[in-house]
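Below you will find the structure I want to go over with you.
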Amino acid sequence: MIAVLKSGTTLAQRNHLVDWLKAMHLDVHISEGAEVTILGLVGDTSRIDMDLLKSLEMVETVKRVSEPYKQANRKFHPKDTIVEIGDVKIGGGHFAMIAGPCSVESEEQIIEVAQAVKASGANILRGGAFKPRTSPYAFQGMKGEGIQLLLKAKEATGLPIVTEIMNISTLDLFTDVDIIQVGARNMQNFDLLKELGKTNKPILLKRGLANTLQELLMSAEYIMSEGNEQVILCERGIRTFETATRNTLDLSAVPILHTMTHLPVVVDPSHATGKAGLVAPMAAAAAACGADAIMIEVHNNPSCALCDGAQSLTPTQFDSLCKQVQAIREVVL
Ligand code: PEP
Ligand code: MN
(Lines give C-alpha, C1' and ligand atoms only; values in the text may rest on other atoms or scores of the structure.)
(Ligands and ions follow the chains in the order given, each with its own letter.)
Protein backbone atom coordinates (compact mmCIF):
# COMPACT_ATOMS: atom_id res chain seq x y z
CA MET A 1 0.00 0.00 0.00
CA ILE A 2 1.21 3.50 -0.71
CA ALA A 3 0.10 6.75 0.86
CA VAL A 4 0.87 10.02 -0.87
CA LEU A 5 1.17 12.95 1.52
CA LYS A 6 -0.04 16.43 0.67
CA SER A 7 2.63 19.00 -0.05
CA GLY A 8 3.03 21.19 3.00
CA THR A 9 2.86 18.28 5.43
CA THR A 10 5.17 19.11 8.30
CA LEU A 11 7.85 16.75 9.52
CA ALA A 12 6.08 16.47 12.85
CA GLN A 13 2.80 15.46 11.16
CA ARG A 14 4.63 12.94 9.02
CA ASN A 15 6.46 11.42 11.97
CA HIS A 16 3.21 11.14 13.87
CA LEU A 17 1.62 9.24 10.99
CA VAL A 18 4.70 7.01 10.54
CA ASP A 19 4.64 6.12 14.27
CA TRP A 20 0.96 5.27 14.03
CA LEU A 21 1.58 3.00 11.03
CA LYS A 22 4.58 1.33 12.69
CA ALA A 23 2.45 0.60 15.72
CA MET A 24 0.41 -1.57 13.34
CA HIS A 25 3.58 -3.65 12.70
CA LEU A 26 4.20 -2.17 9.27
CA ASP A 27 7.53 -1.15 7.80
CA VAL A 28 7.34 2.34 6.37
CA HIS A 29 9.61 3.38 3.50
CA ILE A 30 9.70 7.11 2.96
CA SER A 31 10.34 8.42 -0.52
CA GLU A 32 10.78 12.17 -0.54
CA GLY A 33 10.30 13.97 -3.84
CA ALA A 34 10.50 17.66 -4.67
CA GLU A 35 6.70 18.01 -4.54
CA VAL A 36 5.31 15.08 -2.65
CA THR A 37 6.31 12.50 -0.09
CA ILE A 38 5.27 8.90 -0.61
CA LEU A 39 5.02 6.38 2.19
CA GLY A 40 5.46 2.75 1.14
CA LEU A 41 3.77 0.48 3.65
CA VAL A 42 5.20 -3.02 3.79
CA GLY A 43 3.67 -5.82 5.82
CA ASP A 44 0.14 -6.91 6.52
CA THR A 45 -1.73 -3.87 5.26
CA SER A 46 -5.02 -5.68 5.63
CA ARG A 47 -5.21 -4.24 9.17
CA ILE A 48 -5.36 -0.73 7.82
CA ASP A 49 -8.64 1.04 7.43
CA MET A 50 -8.04 2.71 4.05
CA ASP A 51 -10.94 5.10 4.47
CA LEU A 52 -9.60 6.25 7.80
CA LEU A 53 -6.12 6.76 6.35
CA LYS A 54 -7.53 8.67 3.37
CA SER A 55 -9.55 10.89 5.65
CA LEU A 56 -6.47 12.22 7.43
CA GLU A 57 -5.79 15.84 6.64
CA MET A 58 -2.21 15.31 5.47
CA VAL A 59 -3.03 12.40 3.15
CA GLU A 60 -3.57 13.09 -0.55
CA THR A 61 -4.30 9.55 -1.79
CA VAL A 62 -3.97 5.95 -0.68
CA LYS A 63 -3.50 3.08 -3.11
CA ARG A 64 -3.24 -0.62 -2.67
CA VAL A 65 -0.22 -1.92 -4.54
CA SER A 66 -0.91 -5.41 -5.66
CA GLU A 67 2.70 -6.27 -6.46
CA PRO A 68 4.43 -8.00 -3.56
CA TYR A 69 7.76 -6.33 -4.36
CA LYS A 70 7.95 -2.92 -2.80
CA GLN A 71 11.51 -1.65 -2.74
CA ALA A 72 12.19 -2.77 -6.30
CA ASN A 73 8.87 -1.34 -7.47
CA ARG A 74 8.97 1.65 -9.79
CA LYS A 75 5.77 2.93 -8.20
CA PHE A 76 7.68 3.74 -5.02
CA HIS A 77 10.79 4.92 -6.74
CA PRO A 78 9.92 6.44 -10.11
CA LYS A 79 13.49 7.48 -10.93
CA ASP A 80 15.88 4.95 -12.45
CA THR A 81 18.43 3.57 -10.03
CA ILE A 82 21.96 4.24 -11.21
CA VAL A 83 24.50 1.78 -9.86
CA GLU A 84 27.95 3.32 -9.62
CA ILE A 85 31.13 1.28 -9.67
CA GLY A 86 33.96 3.81 -9.50
CA ASP A 87 33.64 5.85 -12.69
CA VAL A 88 31.32 3.33 -14.33
CA LYS A 89 27.58 3.88 -14.06
CA ILE A 90 24.79 1.49 -15.01
CA GLY A 91 21.17 2.58 -15.45
CA GLY A 92 19.34 5.86 -15.98
CA GLY A 93 20.79 6.24 -19.49
CA HIS A 94 24.28 5.08 -18.51
CA PHE A 95 25.31 2.03 -20.52
CA ALA A 96 28.00 -0.49 -19.61
CA MET A 97 29.70 -3.24 -21.56
CA ILE A 98 30.75 -6.20 -19.42
CA ALA A 99 33.06 -8.74 -21.01
CA GLY A 100 35.50 -11.48 -20.20
CA PRO A 101 35.86 -15.23 -20.14
CA CYS A 102 33.35 -17.65 -18.69
CA SER A 103 36.05 -18.79 -16.26
CA VAL A 104 39.38 -17.46 -15.11
CA GLU A 105 41.92 -20.05 -16.28
CA SER A 106 45.36 -18.48 -15.81
CA GLU A 107 47.04 -15.12 -15.23
CA GLU A 108 48.05 -14.79 -18.90
CA GLN A 109 44.55 -15.65 -20.10
CA ILE A 110 42.65 -13.20 -17.88
CA ILE A 111 45.08 -10.33 -18.42
CA GLU A 112 45.19 -10.85 -22.19
CA VAL A 113 41.40 -10.96 -22.42
CA ALA A 114 41.01 -7.98 -20.06
CA GLN A 115 43.37 -5.85 -22.16
CA ALA A 116 41.65 -6.87 -25.40
CA VAL A 117 38.09 -6.20 -24.22
CA LYS A 118 39.12 -2.89 -22.70
CA ALA A 119 40.65 -1.81 -26.01
CA SER A 120 37.31 -2.57 -27.71
CA GLY A 121 35.33 -0.50 -25.22
CA ALA A 122 34.35 -2.85 -22.38
CA ASN A 123 34.27 -1.04 -19.06
CA ILE A 124 33.73 -3.98 -16.67
CA LEU A 125 35.62 -7.29 -16.66
CA ARG A 126 33.78 -10.55 -15.96
CA GLY A 127 35.30 -13.93 -15.11
CA GLY A 128 34.05 -16.89 -13.12
CA ALA A 129 36.15 -18.17 -10.22
CA PHE A 130 33.45 -20.30 -8.55
CA LYS A 131 31.66 -22.11 -11.34
CA PRO A 132 28.19 -23.63 -10.96
CA ARG A 133 28.57 -26.59 -13.34
CA THR A 134 25.84 -29.09 -14.18
CA SER A 135 28.36 -31.92 -13.84
CA PRO A 136 30.46 -32.37 -10.70
CA TYR A 137 33.20 -33.74 -12.98
CA ALA A 138 33.45 -30.54 -15.05
CA PHE A 139 35.96 -27.74 -14.27
CA GLN A 140 34.74 -26.10 -11.06
CA GLY A 141 36.75 -22.88 -11.36
CA MET A 142 39.96 -21.60 -9.77
CA LYS A 143 38.05 -20.36 -6.72
CA GLY A 144 40.04 -17.98 -4.44
CA GLU A 145 43.03 -18.08 -6.76
CA GLY A 146 40.76 -17.09 -9.64
CA ILE A 147 39.62 -14.01 -7.71
CA GLN A 148 43.26 -13.08 -7.07
CA LEU A 149 43.94 -13.30 -10.82
CA LEU A 150 40.91 -11.14 -11.56
CA LEU A 151 42.32 -8.56 -9.15
CA LYS A 152 45.62 -8.67 -11.04
CA ALA A 153 43.75 -8.07 -14.28
CA LYS A 154 41.93 -5.18 -12.60
CA GLU A 155 45.27 -3.73 -11.54
CA ALA A 156 46.70 -4.15 -15.04
CA THR A 157 43.74 -2.56 -16.85
CA GLY A 158 41.82 -0.48 -14.31
CA LEU A 159 38.63 -2.38 -15.18
CA PRO A 160 36.28 -3.10 -12.26
CA ILE A 161 35.45 -6.78 -11.90
CA VAL A 162 32.33 -8.92 -11.54
CA THR A 163 32.44 -12.53 -10.42
CA GLU A 164 29.98 -15.09 -9.09
CA ILE A 165 29.50 -16.15 -5.49
CA MET A 166 27.98 -19.57 -4.83
CA ASN A 167 28.22 -19.81 -1.07
CA ILE A 168 28.18 -17.10 1.56
CA SER A 169 31.01 -18.84 3.42
CA THR A 170 33.38 -17.50 0.73
CA LEU A 171 32.28 -13.85 1.11
CA ASP A 172 35.62 -12.80 2.62
CA LEU A 173 37.29 -13.61 -0.69
CA PHE A 174 35.09 -10.99 -2.40
CA THR A 175 36.31 -7.99 -0.36
CA ASP A 176 37.96 -6.31 -3.37
CA VAL A 177 35.49 -7.53 -5.96
CA ASP A 178 33.45 -4.63 -7.40
CA ILE A 179 30.22 -6.43 -8.28
CA ILE A 180 29.11 -9.77 -6.86
CA GLN A 181 27.18 -11.96 -9.27
CA VAL A 182 24.41 -14.32 -8.18
CA GLY A 183 24.04 -16.91 -10.92
CA ALA A 184 20.80 -18.18 -12.42
CA ARG A 185 20.94 -21.35 -10.34
CA ASN A 186 21.10 -19.38 -7.11
CA MET A 187 18.44 -16.79 -7.90
CA GLN A 188 16.20 -18.27 -5.25
CA ASN A 189 18.88 -19.13 -2.70
CA PHE A 190 17.15 -16.86 -0.23
CA ASP A 191 19.69 -17.24 2.57
CA LEU A 192 22.46 -16.19 0.17
CA LEU A 193 20.40 -13.22 -1.05
CA LYS A 194 19.68 -12.07 2.51
CA GLU A 195 23.37 -12.17 3.43
CA LEU A 196 24.31 -10.25 0.28
CA GLY A 197 21.69 -7.72 1.28
CA LYS A 198 23.82 -6.95 4.34
CA THR A 199 26.86 -6.06 2.20
CA ASN A 200 27.53 -2.75 0.49
CA LYS A 201 28.49 -4.28 -2.87
CA PRO A 202 26.47 -3.99 -6.07
CA ILE A 203 24.81 -7.35 -6.82
CA LEU A 204 24.30 -8.64 -10.36
CA LEU A 205 21.27 -10.91 -9.99
CA LYS A 206 20.69 -13.30 -12.88
CA ARG A 207 17.21 -14.56 -13.73
CA GLY A 208 16.68 -18.23 -12.91
CA LEU A 209 16.27 -20.78 -15.67
CA ALA A 210 12.53 -21.08 -15.10
CA ASN A 211 11.61 -17.98 -13.18
CA THR A 212 9.10 -15.27 -13.89
CA LEU A 213 9.97 -11.60 -13.82
CA GLN A 214 7.96 -11.19 -10.63
CA GLU A 215 10.04 -13.95 -9.01
CA LEU A 216 13.20 -12.19 -10.17
CA LEU A 217 11.99 -9.00 -8.53
CA MET A 218 11.07 -10.84 -5.34
CA SER A 219 14.66 -12.12 -5.22
CA ALA A 220 15.89 -8.54 -5.68
CA GLU A 221 13.56 -7.64 -2.84
CA TYR A 222 15.33 -10.15 -0.57
CA ILE A 223 18.59 -8.26 -1.14
CA MET A 224 17.05 -4.80 -0.89
CA SER A 225 15.00 -5.53 2.21
CA GLU A 226 18.25 -6.13 4.08
CA GLY A 227 19.50 -2.67 3.16
CA ASN A 228 21.44 -3.15 -0.07
CA GLU A 229 19.69 -1.23 -2.84
CA GLN A 230 22.39 -1.68 -5.47
CA VAL A 231 20.86 -4.51 -7.46
CA ILE A 232 21.38 -5.01 -11.19
CA LEU A 233 19.03 -7.49 -12.87
CA CYS A 234 20.19 -9.80 -15.66
CA GLU A 235 18.15 -11.53 -18.36
CA ARG A 236 20.18 -14.55 -19.49
CA GLY A 237 17.61 -16.68 -21.26
CA ILE A 238 15.00 -19.03 -19.87
CA ARG A 239 14.25 -22.70 -20.41
CA THR A 240 11.55 -23.32 -23.03
CA PHE A 241 10.68 -26.20 -25.37
CA GLU A 242 13.02 -24.77 -28.01
CA THR A 243 16.28 -26.67 -28.42
CA ALA A 244 17.92 -24.65 -31.22
CA THR A 245 19.48 -22.37 -28.62
CA ARG A 246 20.84 -23.15 -25.15
CA ASN A 247 18.05 -21.05 -23.63
CA THR A 248 15.46 -18.68 -25.06
CA LEU A 249 16.46 -15.04 -24.71
CA ASP A 250 13.42 -13.23 -23.37
CA LEU A 251 14.16 -9.77 -24.68
CA SER A 252 10.69 -8.52 -23.87
CA ALA A 253 11.86 -8.79 -20.25
CA VAL A 254 13.90 -5.61 -20.78
CA PRO A 255 11.10 -3.13 -21.52
CA ILE A 256 8.74 -4.98 -19.15
CA LEU A 257 11.23 -4.81 -16.28
CA HIS A 258 11.77 -1.14 -17.00
CA THR A 259 8.08 -0.56 -16.32
CA MET A 260 7.98 -2.82 -13.23
CA THR A 261 11.17 -1.64 -11.56
CA HIS A 262 13.68 1.19 -11.34
CA LEU A 263 16.62 -1.24 -11.22
CA PRO A 264 19.02 -1.47 -14.19
CA VAL A 265 18.68 -4.42 -16.56
CA VAL A 266 21.59 -6.27 -18.16
CA VAL A 267 21.30 -8.74 -21.04
CA ASP A 268 23.61 -11.76 -21.36
CA PRO A 269 23.25 -13.10 -24.92
CA SER A 270 26.12 -15.58 -24.40
CA HIS A 271 24.37 -17.85 -21.90
CA ALA A 272 21.02 -17.18 -23.58
CA THR A 273 22.02 -18.51 -26.99
CA GLY A 274 24.97 -20.81 -26.25
CA LYS A 275 26.28 -20.14 -29.77
CA ALA A 276 28.99 -17.64 -30.62
CA GLY A 277 27.37 -16.84 -33.99
CA LEU A 278 24.15 -15.69 -32.31
CA VAL A 279 25.74 -13.48 -29.68
CA ALA A 280 26.32 -10.33 -31.78
CA PRO A 281 22.83 -10.16 -33.33
CA MET A 282 21.20 -10.68 -29.93
CA ALA A 283 23.52 -8.12 -28.32
CA ALA A 284 22.43 -5.64 -31.00
CA ALA A 285 18.79 -6.50 -30.28
CA ALA A 286 19.39 -6.03 -26.54
CA ALA A 287 20.85 -2.58 -27.19
CA ALA A 288 17.87 -1.75 -29.39
CA CYS A 289 15.31 -2.66 -26.74
CA GLY A 290 16.92 -0.59 -24.01
CA ALA A 291 19.32 -2.81 -22.05
CA ASP A 292 21.37 -0.81 -19.53
CA ALA A 293 24.34 -3.12 -20.02
CA ILE A 294 25.35 -6.15 -22.05
CA MET A 295 27.48 -9.00 -20.74
CA ILE A 296 29.52 -11.02 -23.23
CA GLU A 297 31.79 -14.04 -22.83
CA VAL A 298 35.12 -13.48 -24.59
CA HIS A 299 38.05 -15.92 -24.68
CA ASN A 300 41.47 -15.54 -26.29
CA ASN A 301 41.19 -19.08 -27.62
CA PRO A 302 37.55 -20.27 -27.47
CA SER A 303 38.25 -23.76 -28.80
CA CYS A 304 40.47 -24.42 -25.75
CA ALA A 305 38.20 -22.76 -23.16
CA LEU A 306 37.62 -24.82 -20.01
CA CYS A 307 33.99 -23.71 -19.95
CA ASP A 308 31.49 -22.37 -22.51
CA GLY A 309 33.89 -22.18 -25.47
CA ALA A 310 31.04 -22.64 -27.97
CA GLN A 311 29.44 -19.36 -26.95
CA SER A 312 32.64 -17.40 -26.40
CA LEU A 313 33.71 -14.72 -28.85
CA THR A 314 37.28 -14.07 -29.88
CA PRO A 315 38.57 -10.56 -29.07
CA THR A 316 38.22 -9.68 -32.78
CA GLN A 317 34.58 -10.81 -32.85
CA PHE A 318 33.95 -8.87 -29.65
CA ASP A 319 35.46 -5.76 -31.21
CA SER A 320 33.01 -5.85 -34.09
CA LEU A 321 30.12 -6.56 -31.68
CA CYS A 322 31.04 -3.39 -29.76
CA LYS A 323 30.94 -1.33 -32.96
CA GLN A 324 27.53 -2.78 -33.86
CA VAL A 325 26.11 -2.14 -30.39
CA GLN A 326 27.45 1.41 -30.46
CA ALA A 327 25.84 2.02 -33.86
CA ILE A 328 22.50 0.64 -32.67
CA ARG A 329 22.58 2.79 -29.54
CA GLU A 330 23.17 5.90 -31.63
CA VAL A 331 20.10 5.06 -33.73
CA VAL A 332 17.71 4.26 -30.90
CA LEU A 333 18.74 6.91 -28.39
C1 PEP B 1 27.97 -17.04 -15.71
O2 PEP B 1 27.62 -15.88 -15.99
O3 PEP B 1 29.14 -17.38 -15.58
C4 PEP B 1 26.94 -18.09 -15.50
C5 PEP B 1 27.23 -19.24 -14.94
O6 PEP B 1 25.75 -17.72 -15.93
P7 PEP B 1 24.26 -18.24 -15.54
O8 PEP B 1 24.18 -18.23 -14.04
O9 PEP B 1 23.39 -17.25 -16.21
O10 PEP B 1 24.12 -19.63 -16.12
MN1 MN C 1 29.67 -19.25 -18.95
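Given the structure is predicted, the values throughout are model-derived calculations rather than measurements. Whatever order the structure lists ligands and atoms in, that order sets their numbers, starting from 1.
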Inset, instruction - Report, in ascending order of atom number, the atoms of ligand 1 lying under 4.0 Å from any heavy atom of Arg236. - result: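 Going through ligand 1 atom by atom, the ones under 4.0 Å from Arg236 are 7 (P), 9 (O), 10 (O).
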Legend entry - With sequence neighbours excluded, residues passing side-chain hydrogen bond (donor to acceptor under 3.5 Å, both in side chains) with His262: Thr81
Inset, instruction - Starting from atom 4 (C) of ligand 1, find the nearest protein heavy-atom neighbour and note its residue, name and distance. - result: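 Going atom by atom, the protein heavy atom closest to atom 4 (C) of ligand 1 ends up being His271 NE2, 3.5 Å.
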Legend entry - Distance-only polar pair, side chains of Gln71 and Glu221, donor-acceptor under 3.5 Å: no
Legend entry - Closest approach of any protein heavy atom to atom 5 (C) of ligand 1, naming residue and atom: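 In this structure, atom 5 (C) of ligand 1 has Glu164 OE1, 3.7 Å as its nearest protein heavy atom.
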Inset, instruction - Identify, with sequence neighbours excluded, every residue that meets side-chain hydrogen bond (donor to acceptor under 3.5 Å, both in side chains) alongside Asp27. - result: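 With sequence neighbours excluded, Asp27 shows a side-chain hydrogen bond (donor to acceptor under 3.5 Å, both in side chains) to no residue whatsoever.
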Legend entry - Residues Arg74 and Glu67 bridged, charged N to O under 4.0 Å: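 No salt bridge links Arg74 with Glu67.
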Legend entry - Heavy-atom gap Gln181 to ligand 1 smaller than 4.0 Å: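 The answer is yes, since Gln181 has a heavy atom less than 4.0 Å from ligand 1.
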Inset, instruction - Ignoring hydrogens, just give me the one of Ser103, Gly127, Gly100, Ala184 whose non-hydrogen atom is nearest atom 8 (O) of ligand 1. - result: Ala184
Legend entry - Atoms of type N/O/S from protein, distance to the Mn ion (ligand 2) below 2.8 Å: 4
Legend entry - Proximal ligand 1 atoms for Gly183, defined as those under 4.0 Å from one of its heavy atoms: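 Heavy-atom distances to Gly183 below 4.0 Å select 8 (O).
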Legend entry - Short side-chain donor-acceptor distance under 3.5 Å, Glu84 and His94: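 Short answer, no.
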Legend entry - Short side-chain donor-acceptor distance under 3.5 Å, Asn301 and Ser303: yes
Ignoring hydrogens and angles, write down the donor-acceptor pairs under 3.5 Å from the side chains of residues 128-136, residues two or more places apart or on other chains.
{"residue": "Lys131", "atom": "NZ", "partner": "Cys102", "partner atom": "O", "Å": "3.3"}
{"residue": "Arg133", "atom": "NH1", "partner": "Phe139", "partner atom": "O", "Å": "3.0"}
{"residue": "Ser135", "atom": "OG", "partner": "Tyr137", "partner atom": "N", "Å": "3.0"}

Inset, instruction - Would you tell me whether His16 and Asp19 have side-chain atoms, one donor and one acceptor, within less than 3.5 Å of each other? - result: no
Legend entry - Among Arg126, Lys206, Arg207, Met295, closest by any non-hydrogen atom to atom 7 (P) of ligand 1: Lys206
Legend entry - Close side-chain approach of Thr37 to Thr9, heavy-atom, < 4.5 Å: no
